[in-house]
Amino acid sequence: MMSQFAGGVLVEITHVLVLWAMAGVLSAAAQSRPGSTSNSGSTQHYVLTCGHVIDGKSLQASNGMMAIEVEGEKIKDIHPLKERESWPPQVQVLDLKNRTCLPGLIDTHTHVLLQGDITAADYDEQLLKQSAEYRTILATVNVRRALEYGFTSIRDVETEGAGYADVDVKKAINNGVIPGPRMQVATRAMDVTGAYPLLGYPPNVEVPHGVQVVDGAEGGRKAVREQISHGADWIKVYSDRGYRVGDDGVLDDIPTFTLEELKAIVDEAHRERHKVASHAMGLHGVHNSLEAGVDSIEHGDYIADEDLKTMAAHGTYYVPTIFVGAYVAEGRAAEGNPVWVKMLDIHEETFHRALKAGVKIVFGTDAGGFAWTENPAKEFGYMVKWGMTPAQAIRSATSLAAELLGWSDQVGTIEPGKFADIVAVTGDPLADVSVLERVDFVMKGGGVVRK
Ligand SMILES: [Zn+2]
């Protein structure tokens with residue numbers, strides 16, 4: 001009895017120590033710093049000599065050639081390249097004089113655990129026939145692809161039934177086990193009973209769900225606590241479903257959560273210093289999300305003028321994910337859902353109004369919703385086609401995207417003190433934004449990923 005009691009005290013003390021240690025870890029995690037994988041050994045020094053630099057801040061390119069000095073993980077200096085400028089022998093010069101250098105690109109809407117789901121059958125197949133472990137192996141390939149395309153940071157907005165696998169992918173990248181972008185992750189996401197695939201199976205057949213099924217305000221708070229405790233940086237909610245186009249051209253939807261539920265989820269997330277991304281494509285989903293105070297609207301195919309005003313006033317981000325809509329429209333129409341084609345026109349009209357209203361439009365693609373063999377940088381072309389200047393589109397994928405992530409002091413521009421996340425392309429992206437689909441130099445945190 002006595003020894004058991006002593007053992008109990010010991011366990012309790014150890015437990016307290018563990019809790020203390022964990023409190024430190026968790027508070028650091030809550031701030032979700034960009035992962036820094038410092039190489040052991042001596043600090044690497046690079047100088048990148050660039051034909052032009054688009055620094056992500058100003059909407060113009062540099063006039064002449066620039067030198068970007070990189071020491072270790074960070075940018076040390078940037079200045080106009082002097083004639084016959086020379087550097088000490090330990091400095092490695094990377095000649096990019098025939099290229100334009102830009103900050104590493106940021107995709108704020110990805111699904112690294114997904115391999116493209118044009119039809120419902122594609123999606124069901126992945127959840128029913130692939131283990132989370134196998135999907136995680138595929139995800140390690142996807143993050144390497146993302147980095148090689150030039151995306152040095154991503155916000156991954158849910159694993160689609162693969163649990164907390166995104167937390168481990170992020171961990172493996174930050175520990176230098178696998179190559180990949182800096183990540184913020186949303187883990188499982190949330191939707192209400194009966195609203196999210198897999199659906200349509202007989203009541204007696206247990207099937208997996210692509211989200212955590214959550215009902216009621218208290219259920220929402222509990223799910224937020226659970227997901228954050230397991231490593232979620234963001235909370236992702238699905239705010240609507242069941243789309244149809246009304247005679248007035250407005251995209252009607254069925255709201256999933258009640259306003260009370262949404263408010264509880266957002267309040268709980270914000271209380272714990274985390275942000276909320278809301279999948280909202282139609283009138284009510286967007287409106288309820290804004291009423292609840294979410295931080296970003298994902299997709300937003302239709303947004304009422306009043307709601308655009310609210311977004312501009314509150315600084316709510318709009319992540320339109322255009323390319324995926326075009327990509328899935330044909331397949332879903334062929335499957336008997338022609339609404340997806342009409343939605344593309346509605347989306348374009350909304351995008352125009354959002355631009356005019358001064359809403360913060362941020363680059364996000366839904367990569368994973370389409371196959372990772374497609375370069376997500378195709379999104380740039382759509383943004384420009386729908387009315388942005390190339391410079392605005394680039395800003396949306398660099399400094400503005402960094403702001404959405406809360407990493408403005410770390411990434412998104414080429415400035416001294418920032419992580420050396422730099423890409424380069426041949427040609428002038430301010431004249432032809434599609435050159436960003438052919439990034440052929442990638443540096444992340446001062447390490448050359450692609451040359
Ligand atoms: Zn998505």
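As a basis for the values below, the full set of heavy atoms in this structure was taken, side chains included, without hydrogen atoms, waters or symmetry mates. FYI, the numbering just counts along the sequence from 1.
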What salt bridge (Lys or Arg N to Asp or Glu O under 4.0 Å) pairs are there with at least one residue in residues 284-305, not counting sequence neighbours? R155-E298, D305-R353
S296 side chain to Y317 main-chain N or O, any donor-acceptor pair under 3.5 Å? no
For residues Q212 and E226, is any side-chain donor paired with an opposing acceptor at under 3.5 Å? yes
In terms of ring plane angle, is the pair W386 and F351 parallel, tilted or perpendicular, where the classes change at 30° and 60°? perpendicular
S153 vs L405 side-chain heavy atoms within contact, under 4.5 Å: yes
If every non-hydrogen atom of I322 is compared with every non-hydrogen atom of H347, which pair is closest and at what distance? CA-CE1, 4.4 Å
Under a 4.5 Å cut-off applied to non-hydrogen side-chain atoms, are P376 and T110 in contact? no
Can a salt bridge be assigned to the pair E415 and K57 using a cut-off of 4.0 Å between side-chain N and carboxylate O? yes
Side chain to side chain contact (heavy atoms under 4.5 Å, CB included) between Y327 and T365, intermediate numbers included: CA-CA 11 Å; Y327 182 86; T365 66; over 6 Å; no
Residues N204 and Y201: side-chain donor-acceptor under 3.5 angstrom: no
Ion pair K360/E403, N-O distance below 4.0 Å: yes
Using side-chain heavy atoms (C-beta onward) and a distance below 4.5 Å, is L48 in contact with F441? yes
Okay, side chain of Q126, backbone of Q115: is any donor-acceptor separation there less than 3.5 Å? yes
Quick check: closest heavy atoms across Q184 and D233, and the distance to 0.1 Å? CA-OD2, 3.2 Å
Judged by atom type as modelled, is there a donor-acceptor pair below 3.5 Å linking the side chain of D166 to the main-chain atoms of D156? no
How about S396 and I361: do any of their side-chain heavy atoms sit closer than 4.5 Å? no
Kindly indicate whether the side chain of I75, heavy atoms from C-beta on, has any atom under 4.5 Å from the side chain of I68. yes
Looking only at heavy atoms, the pair that brings L259 and A292 closest together is CD1-N, 4.2 Å
For the residue pair F380 and F363, is the inter-centroid distance of their aromatic rings smaller than 6.0 Å? yes
What orientation do H299 and H279 show, parallel under 30°, tilted 30 to 60°, or perpendicular over 60°? perpendicular
In the structure I gave you, are the side-chain heavy atoms of V143 and P179 within less than 4.5 Å of one another anywhere? no
Measuring from I394:CD1 to I54:CD1, what's the distance to the nearest 0.5 Å? 4.5 Å
Write down the atom of D215, the atom of E261, and the distance for their closest heavy-atom approach. C-OE2, 3.7 Å
Distance in Å, R135 CZ paired with E160 CD, rounded so as to fall on 0.5 Å steps: 7.5 Å
Does a donor on one side chain sit under 3.5 Å from an acceptor on the other, for T413 and D55? no
Between S289 and S239, is there a side-chain donor-acceptor contact under 3.5 Å, judged purely by atom types and distance? yes
With E437 via side chain to side chain donor-acceptor pair (under 3.5 Å) - residues at least two apart: none
Salt bridge check, E306 against K309: does any charged N sit closer than 4.0 Å to a carboxylate O? yes
Just checking, K444 and F419: is the charged tip under 6.0 Å from the six-membered ring centre and within 45° of the axis? no
Go through the structure and list residues passing ring pair (Phe, Tyr, Trp, His ring centres under 6.0 Å) with H111, not counting sequence neighbours. H109
